[in-house]
Amino acid sequence: MDKSGAFNIVGVTCPLEVEREVDYINSLLYHGLSKIHIRKQGWSAEKIRQLISGIDGNYRDRLALHQNHELAEDLEVKHLHFKEADRKGVCKALIEGLKESGFTLSTSAHFECLLPDLDSFDYVFFGPVFDSISKSGYQSTLPDNFRLNSSLKNVYAIGGVSDTNIETVMDMGFSGAALLGALWTEPAAALDNYLNIMKQCQQHVPLF
């Protein structure tokens, strides 16, 4: 849950180039998506700059950079995401300095045992919670009755999250969820899928 106690939904860009991607991103943000993570592995800094430059400037505070963090100041993006591999080379002093400078920080983890040591980040992606929609062979190893340790806060489910299981995600004790395949498997349906998921979140009362 966020500070208001609401379950939070964020988006992650498709790793591949998507036709009319900027239009879809602007539409999702216009209709309330709280954050879109710009994750484009293998893209050049200039190509990422061009993508972000096409997104409505009013939404810069709702973008997160997964790579090419050096673009953040120039593009007025104040959210940096650290991949699990990149995080290992980041010292706590740097994290604290970035937060003091007004940055929101997030990271990713694949093992629950790592989560207690990541509380200096604003939130953490944890997964895959379900078999991935967008990555063939990227399967969950969590048991069917998995429930997140209640002491862990600001952990977002990622991996296979869709309208068919979002209520299960909430019952697992996550604070939010990240959508990827649910948005980009059929980009033209991204907005409808997001709105449907949000409707289910608003109507569902978690079991615990």
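Residue indices begin at 1 and follow the sequence shown.
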Are Leu16 and Val22 connected in the hydrophobic side-chain network, where two residues link if heavy atoms are under 4.5 Å apart? no
Does the side chain of Phe121 come within less than 4.5 Å of Asn154's, by heavy atoms? no
Check: Arg49 and Leu71 side chains under 4.5 Å, non-hydrogen atoms: yes
Note, Asn193 side chain near Asp163 side chain (heavy atom, < 4.5 Å): no
With distance as the sole criterion, is a donor-acceptor pair present between the side chains of Glu167 and Asn165 under 3.5 Å? no
Sub-3.5 Å donor-acceptor pair from the side chain of Ser162 to the main-chain atoms of Thr164, do we have one? yes
Residues two or more places apart in sequence or in another chain: which of them pass side-chain contact (heavy atoms from CB on, under 4.5 Å) with Asn149? Glu112, Ser151, Leu152
Donor-acceptor pair, Arg62 side chain versus Ile36 backbone, under 3.5 Å? no
Taking Ser27's backbone N and O only, do any of them form a donor-acceptor pair with His31's side chain (distance below 3.5 Å, no angle check)? yes
Check the pair Asn26 / Asp56 against side-chain hydrogen bond (donor to acceptor under 3.5 Å, both in side chains), numbers first and verdict last. CA-CA 6 Å; Asn26 280 328; Asp56 190 320; over 6 Å; no
Does His37 have its ring centroid less than 6.0 Å away from the ring centroid of His79? yes
What's the separation between atom OG in Ser34 and atom CG in Leu29, rounded to the nearest 0.5 Å? 9.0 Å
Closest heavy-atom pair, Ile166 versus Ala177, reported as atoms and distance to 0.1 Å, is CD1-CB, 4.0 Å
Which value, rounded to the nearest 0.5 Å, describes the distance between Thr168 atom OG1 and Asp144 atom CG? 10.0 Å
Side chains of Met170 and Pro206 in contact at under 4.5 Å (non-hydrogen atoms): yes
Atom of Gly173, atom of Leu148 and distance for their closest heavy-atom approach: O-CD2, 3.8 Å
Is atom CD of Glu46 surrounded by more than 12 heavy atoms (other residues, nucleotides or ligands) closer than 6.0 Å? yes
Please report the closest heavy-atom contact between Ala72 and Leu80, naming both atoms and the distance. CB-CD2, 3.9 Å
Distance from Leu75 atom CG to Ile48 atom CD1, nearest 0.5 Å? 9.5 Å
List the atom of Ala157, the atom of Val169, and the distance in Å for their closest heavy-atom pair. CB-CG1, 3.7 Å
Val129 versus Leu142, closest heavy-atom pair with distance: CA-CD1, 3.8 Å
So Leu180 and Pro15, do their side chains get closer than 4.5 Å, heavy atoms only? yes
Are the side chains of Val10 and Leu179 in touch, meaning some heavy atoms are under 4.5 Å apart? no
Can you list the residues that meet the side-chain contact (heavy atoms from CB on, under 4.5 Å) rule with Asp119, with sequence neighbours excluded? none
Determine whether Gln67 and Lys83 make a side-chain contact, defined as any pair of heavy atoms from C-beta on separated by less than 4.5 Å. no
Quick one, Phe7 and Ile9 - any side-chain contact, counting heavy atoms below 4.5 Å? yes
Answer with yes or no whether the hydrophobic clustering places Leu114 together with Phe82; edges join I, L, V, M, F, W, Y residues whose side-chain heavy atoms lie under 4.5 Å apart. no
Side-chain donor/acceptor of Tyr156 to backbone N/O of Tyr123, under 3.5 Å: no
Quick check on the 6.0 Å ring-centre criterion: do Phe125 and His81 meet it? yes
If you draw a 6.0 Å radius around CZ in Phe146, do more than 12 non-hydrogen atoms from other residues or ligands fall strictly inside? yes
Looking only at heavy atoms, which two atoms of Ala45 and Asn68 are closest? And how far apart? CB-ND2, 3.5 Å
Take a 6.0 Å sphere around CD of Glu70 and say whether it holds more than 12 heavy atoms from other residues, nucleotides or ligands. yes
Between Phe126 and His110 (judged by ring centroids, cut-off 6.0 Å), do the two rings come close enough to count as a pair? no
Decide whether Arg39 and Thr13 meet the rule of one side-chain donor and one side-chain acceptor closer than 3.5 Å. no
Say whether, by atom type as modelled, one donor and one acceptor occur between the side chain of Asp122 and the main chain of Thr104 under 3.5 angstrom. no
I'd like to know if the side chain of Ser175 reaches the main chain of Lys153, judged simply by a donor and an acceptor atom lying under 3.5 Å from each other, with no hydrogens or angles considered. no
Asp171 with Arg147: basic N within carboxylate O range, under 4.0 Å: no
Using a strict cut-off of less than 4.0 Å between a Lys/Arg side-chain nitrogen and an Asp/Glu carboxylate oxygen, indicate whether Lys99 and Glu96 qualify as a salt bridge. no
Gap between atom CG of Leu118 and atom CG of Leu105 - 0.5 Å precision: 12.0 Å
d(Ile52 CD1, Gln50 CD) to nearest 0.5 Å is 11.0 Å
dist Tyr30:OH -> Tyr59:OH (nearest 0.5 Å) comes out at 7.0 Å
Using only atom types and a distance under 3.5 Å, with no angle test, would you say the side chain of Glu84 pairs donor to acceptor with the backbone of Thr107? no
Lys/Arg-Asp/Glu bridge criterion (N-O < 4.0 Å) met for Glu21, Lys40: yes
